[in-house]
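Written below as structure tokens is the structure these notes are about.
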Protein chains: 2
Amino acid sequence: MPDVIVNNETFYNPVDFVLKKIGGTWKIPVLWRLRKKVFRYTELQKDIPHISQKMLTQTLRELEADGFISKKTFAIVPPHTEYALTEKGTKAIIIIETIRNYGLELMKDDGIDYEELVREEVKAKKKST
Amino acid sequence: MPDVIVNNETFYNPVDFVLKKIGGTWKIPVLWRLRKKVFRYTELQKDIPHISQKMLTQTLRELEADGFISKKTFAIVPPHTEYALTEKGTKAIIIIETIRNYGLELMKDDGIDYEELVREEVKAKKKST
DNA sequence: TATGTAACGAACTTATTTGTTCGTAGATTT
DNA sequence: AAATCTACGAACAAATAAGTTCGTTACATA
């Protein structure tokens, strides 16, 4: 495996290349939400737990620069922006799903029932409102 | 998506879980080499460009702790150890291959012919010997 | 006797990623 | 007139990941 250098970034192998593009803590949560519908900035922020404004902005900028998402700006006040998956982004969703399913298996091996945890969380949220 | 905490580690989603297990710079290169044959410590070190002793050891320890690889020690001097994929590790190879193939596509989109780069590197090595 | 060997551990430094805090525009609502 | 709203930029701090250097075991060979 050679070192591949593109735009000042070095990749050791094809998997590394993918992870530099859609890896990190926040890219997947963003892409995953956009798979079904268009989101506004604030919607993403509200929907993704723990994400900071800086990381959301940074993540969106990088995904846009790499062609996974598109941005539509409405020049009104207060501002309005919409983020959507591109075709390239849609392709990414397919392998994200594969990795996700594998993750669910791995968690099961470790005795974690993820679906159950999600259900519990939904219940907890309902109670608190 | 809830926060899942296992052994003091927090995961935001199933993909995150996978990446904490087999992500990072060096786990994939190690697993990838073990897919076909057993390797000794020094063999891995020689075969994986740029890896430091510390990162190799750390990577092997973590992969072993998570059940992806097994370690066989021969109590002789100088020491002899062999690392091999477990069944769990073999399963991991399958999705690594999927990600890898996607990576090759992505690189092509960016005008990078990875296979060609590998061929060039092999040639360069032959020349230098 | 000095040197080499395989597989590391431990301490420390550097680099990369993530997170926190503060500030801005300009129309709209109180 | 002051506060609110949305979508950020910028400076700085903290946390995590990766890399560097030095030391160790205990036998075999030059």
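In what follows, chains carry the letters A, B, and so on, assigned in the order in which the sequence lines appear, proteins first and then strands, with residues in each chain numbered from 1. For the numbers below, each heavy atom of this structure counts, side chains included, while hydrogens, waters and symmetry mates do not.
With rounding to whole Å, A/Lys54 atom NZ is found 12 Å from D/dG9 atom P. In this entry the distance linking CZ of A/Phe39 with C1' of D/dA7 reads 17 Å, nearest Å. Atom CD of A/Gln58 is separated from atom C1' of C/dG19 by 11 Å (rounded to the nearest Å). Distance CE (A/Met55) to C1' (C/dT21): 16 Å, rounded to an integer number of Å. A/His50 places its NE2 atom 16 Å from the P atom of D/dA15, with the value rounded to the nearest Å. A straight line from CD1 of B/Ile76 to C1' of D/dA26 spans 12 Å, rounded to a whole angstrom. For B/Leu56 and D/dG19, the CG to C1' distance is 13 Å, given to the nearest whole Å. To the nearest angstrom, C1' of C/dT17 lies 13 Å from NZ of A/Lys20.
Heavy atoms from other residues, nucleotides or ligands lying under 6.0 Å from NZ of A/Lys71 number more than 12.
Nearest nucleotide to the side chain of A/Val77, out of D/dA7, C/dG26, D/dT20: C/dG26. Nearest nucleotide to the side chain of A/Thr42, out of C/dA10, D/dA7, C/dA7: D/dA7. Nearest to the side-chain atoms of A/Pro79 among the listed nucleotides C/dA6, D/dC8, D/dA7 stands D/dA7.
With a 4.5 Å cut-off on side-chain heavy atoms, B/Glu43 and B/Lys46 do not count as touching. Residues A/Ile69 and A/Leu31 have side chains in contact (heavy-atom distance under 4.5 Å, counting atoms from C-beta outward).
Of the side-chain N and O atoms in A/Trp26, one or more sit less than 4.0 angstrom from OP1 or OP2 of C/dG19. For B/Thr57 and C/dC8, the shortest distance from a side-chain N or O to OP1 or OP2 is not below 4.0 Å.
At the heavy-atom level, B/Thr25 lies under 4.0 Å from the strands shown only through sugar-phosphate atoms. B/Tyr83 comes within contact range of the sugar-phosphate backbone alone, with a heavy-atom separation under 4.0 Å but no base atom that close. Among the protein residues, B/Ser52 comes within range of the nucleic acid bases, having at least one heavy atom under 4.0 Å from a base atom. Note on B/Lys71: only backbone sugar-phosphate atoms sit closer than 4.0 angstrom, heavy atoms only; bases stay farther off.
B/Tyr41 and B/Thr57 share a side-chain donor-acceptor pair at under 3.5 Å.
Across the interface with DNA chain C, nearest-nucleotide mapping of B/Gln53 and B/Arg40 shows B/Arg40 to be the residue nearer the 5′ end.
Using a 4.0 Å cut-off between charged nitrogen and carboxylate oxygen, B/Lys108 and B/Asp113 do not count as a salt-bridge pair.
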